[in-house]
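Here is the naming used below: chain letters follow the sequence lines, and residue numbers restart at 1 for every chain.
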Amino acid sequence: MTAVPGQTVGPFFHLGLEYPLMNELVPPAHPRAVRLHGRVTDGLGAPVPDAVLEIWQPDPQGHVPQAPGSLRRDGWTFTGWGRAATDPDGHYQFATLEPGATEPGRAPFFAVTVFARGLTDRLFTRAYLPDDPDVLAADTLLESVAPDRRATLITTREPGGLIFDVRLQGDDETVFLTYPRLRDAWA
Amino acid sequence: MELSQADINREIEAAARHPGGPQPKHDYPPYRSSVLRHPKQPPHLIDPESIELWAPAFGHRDVADDEADLTIQHAGTPIGERMVVAGRVLDGDGRPVAGQLVEVWQANAAGRYRHQRDQHPAPHDPNFTGVGRCITGADGSYRFQTIKPGPYPWRNHRNAWRPAHIHFSLFGLDFTQRVVTQMYFPGDPLFGYDPIYQSITDPKARELLIAQYDHDLTTPEWSTGYRWDIVLTGTHRTPLDTDEDVA
Ligand SMILES: [Fe+2]
């Protein structure tokens, strides 16, 4: 069966995709909340003010959340999924918890999806926690990426937060991902 | 210099001579805003792991039943051709994608979005927002009642018009199946002129985005009906994983 092709989210995605608290996986006042944020920029380094990012992540213990409630947040249930649109400066932000390792020794990361006006199809990437160089060095994806591009997949720590910029095009272009069954679907 | 439709048509024809397969081309110059926004590096192939082998869970606590009816969100009835869009969401192996979120958004019958950035001087409809959500049934089925959207102009080039469409956002059984796309209507005369639709250079793949008129979905004295079945890419989870999901 042939998979349906994607299409751009266009300029009016806010209408259909935005909802209250979409980027607050936990309330910002949560004692363990971190601010995951950054800028989306184009091939000239200009901000992309009409992009939308989604994150999908395990909880701090490394468990994959399977509770519903991402669209109607109750303030208590960690669903592991959120969505954020960029502002006029191309900036997005999430309030969330840090992902844990799903297995001992695995490098924790946020799975990230990027959509934008001007982007004909969505892009996938990962945003790794930056803290443990040994775990990062042993990661299957990171070790398969050219060394000078690895940093595009790793967040930067700041007080109370993690920075993850997305560069859609250019010398420091973010590494975007594909998976076997996507590639095969379109082979 | 503002480009004409003829200029864009030439670019569309040129791109069609180098088909990029059934997915849209990321690098598609006729769609002007893609020029600086497409990655130039090929995507990096990896086996999905951990969180990527799962999809977020949505359920009936996320979406109220009446969110699937875009015609009852205001005091009055929206203007336009009332229609039902229904179908099934299947994964690449033909299995239903059950209990998963479907989001839609669209212009009103006049081709105007209820969005501050939409400057098209066509009327708003106070009785139409143009946003719907539903959770798929056990057989992957979804159903929306809405108003047929109108075509609308945009600023890609002079006299650029989008064919009528409904935006669809879909989730699968794992993270890698996530897709946002657009559903079109049969025989739209604007297909050939639209660089967004034509960014899919394989004609057979483009047809997958066109709903079919379905008289069985049409209701006497009430609404027309269109069927659109949606196949996602395959899941990377083993059948055992997904069986556990169903259990
Ligand atoms: Fe649209």
Side-chain angles (χ1 to χ4, degrees), chain A residues 1-17 42-44 48 56-58 64-72 79-81 102-103 106 111 113 115-124 140-141 144-145 168-169 173 175-186, chain B residues 21-26 28 31 33-34 36-41 43-52 54 56-59 61-63 90 92 94 103-105 113-115 117-118 130-131 167 169 175-176 178-182 196 199-200 205-206 208-209 230-236:
Chain A
M1 300 176 82
T2 310
V4 72
Q7 291 266 268
T8 182
V9 289
F12 307 127
F13 62 79
H14 307 85
L15 176 67
L17 295 180
D42 72 9
L44 293 176
V48 176
W56 170 228
Q57 61 164 108
V64 175
Q66 282 294 281
S70 297
L71 268 71
R72 298 266 165 89
T79 65
W81 186 86
T102 50
E103 287 169 43
R106 284 269 183 95
T113 319
F115 307 86
R117 179 180 72 84
L119 201 53
T120 55
D121 203 359
R122 48 95 190 84
L123 300 170
F124 294 117
T140 316
L141 167 59
S144 69
V145 169
L168 294 177
Q169 188 187 89
E173 187 175 301
V175 173
F176 297 105
L177 306 176
T178 189
Y179 305 95
R181 299 213 59 189
L182 265 72
R183 182 201 52 187
D184 297 348
W186 296 322
Chain B
Q23 79 280 31
K25 284 188 173 188
H26 279 129
Y28 195 70
Y31 177 24
S33 28
S34 78
L36 288 169
R37 293 185 172 190
H38 70 273
K40 294 196 167 174
Q41 301 286 338
H44 193 89
L45 177 68
I46 54 158
D47 287 321
E49 60 170 283
S50 62
I51 193 80
E52 293 162 334
W54 296 77
F58 299 95
R61 64 159 289 187
D62 289 291
V63 179
L90 303 172
E103 298 162 288
V104 296
W105 70 99
Y113 281 91
R114 188 174 279 221
H115 189 290
R117 291 184 208 171
D118 187 355
V131 178
H167 296 264
S169 160
F175 171 76
T176 71
R178 179 87 177 96
V179 68
V180 170
T181 188
Q182 301 179 25
I196 291 181
S199 69
I200 304 153
R206 285 199 296 269
L208 295 172
L209 297 180
I230 304 163
V231 179
L232 307 180
T233 51
T235 178
H236 295 78

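- Interface remark: B/Y31 contributes side-chain atoms only to the contact with chain A (heavy atom separation under 4.5 Å).
- Side-chain contact of B/H38 with A/T120: a donor-acceptor pair under 3.5 Å is absent, judged by distance alone.
- Ring geometry for A/H14 against B/H115 counts as tilted: the plane angle lies between 30° and 60°, on a 0 to 90° scale.
- Heavy-atom pairs under 4.5 Å with chain A peak, among B/D62, B/V131, B/V104, at B/D62.
- The distance from atom CZ of A/F13 to atom CD of B/E103, rounded to the nearest 0.5 Å, is 12.5 Å.
- Not a single donor-acceptor pair under 3.5 Å links the side chain of A/D42 to the backbone N or O of B/L36.
- Proximity to chain B is limited to the backbone of A/Q57, based on heavy atoms less than 4.5 angstrom apart.
- Distance check: A/Y179 OH to B/D47 CG gives 10.5 Å after rounding to the nearest 0.5 Å.
- A donor-acceptor pair under 3.5 Å links the side-chain atoms of B/H236 to the main chain of A/R181, judged by distance alone.
- At least one donor-acceptor pair closer than 3.5 Å links the side chain of B/Q182 to the backbone N or O of A/T8.
- Not a single donor-acceptor pair under 3.5 Å links the side chain of A/W81 to the backbone N or O of B/F58.
- When each of A/L182, A/L177, A/T178 is tested with B/L45 by the rule side chain to side chain contact (heavy atoms under 4.5 Å, CB included), just one qualifies, namely A/T178.
- Counting only heavy atoms from C-beta outward, the side chains of B/P48 and A/P180 approach each other to under 4.5 Å.
- For chain A, the nearby parts of B/V231 are the backbone and the side chain; heavy atoms of each come within less than 4.5 Å.
- Neither the backbone nor the side chain of A/T79 comes within contact range of chain B; no heavy atom of the residue lies under 4.5 Å from a heavy atom of that chain.
- B/A57 approaches A/Q66 most closely through the heavy-atom pair CB-O, 3.4 Å.
- Remark: A/T2 OG1 to B/Q23 CD distance equals 12.0 Å, nearest 0.5 Å.
- Rounding to the nearest 0.5 angstrom, the gap separating the OG1 atom in B/T181 from the CD atom in A/Q7 is 5.0 Å.
- Distance check: B/E49 CD to A/L141 CG gives 8.0 Å after rounding to the nearest 0.5 Å.
- A heavy-atom distance below 4.5 Å is not found between the side chains of A/L119 and B/P24.
- Chain A forms more heavy-atom pairs under 4.5 Å with one residue of B/G94, B/P56, B/P43, B/A205 than with any other, namely B/P56.
- With chain B as the partner, the residue from A/G80, A/S144, A/G10 showing the most heavy-atom pairs under 4.5 Å is A/S144.
- Your options are B/L90, B/L232, B/V179, B/L209, and the one with the most heavy-atom pairs under 4.5 Å with chain A is B/L209.
- A/V48 touches chain B through backbone and side chain together, each having a heavy atom under 4.5 Å away.
- Only the side chain of B/I230 comes within less than 4.5 Å of a heavy atom in chain A; its backbone stays farther off.
- Panel note: side chain A/D121, backbone B/H26; no donor-acceptor pair is recorded below 3.5 Å.
- With hydrogens and angles disregarded, no donor-acceptor distance shorter than 3.5 Å links the side chain of B/R114 to the backbone of A/L15.
- The candidate from B/I196, B/L208, B/T176 with the greatest count of non-hydrogen atom pairs under 4.5 Å with chain A is B/T176.
- Atom CD1 of B/I51 is separated from atom OG1 of A/T102 by 8.0 Å, given to the nearest 0.5 angstrom.
- Most heavy-atom pairs under 4.5 Å with chain A: of the set B/K40, B/H167, B/K25, this distinction falls to B/K40.
- For B/S169, the part sitting under 4.5 Å from any heavy atom of chain A is the side chain, from C-beta outward, and nothing else.
- For the options A/L123, A/V175, A/T140, heavy-atom pairs under 4.5 Å to chain B are most numerous at A/L123.
- Contact annotation: the side chain of A/P5 never approaches that of B/P22 to less than 4.5 Å [non-hydrogen atoms, C-beta and beyond].
- Contacts of B/Q41 with chain A are made by both backbone and side-chain atoms, with heavy-atom separations under 4.5 Å.
- Contacts of A/F124 with chain B are made by side-chain atoms alone, with heavy-atom separations under 4.5 Å and no backbone atom involved.
- The contact between A/A111 and chain B is made by backbone and side chain atoms together, counting heavy-atom distances below 4.5 Å.
- A/R122 contributes a side-chain N or O that, together with a main-chain N or O of B/R178, makes up a donor-acceptor pair within less than 3.5 Å.
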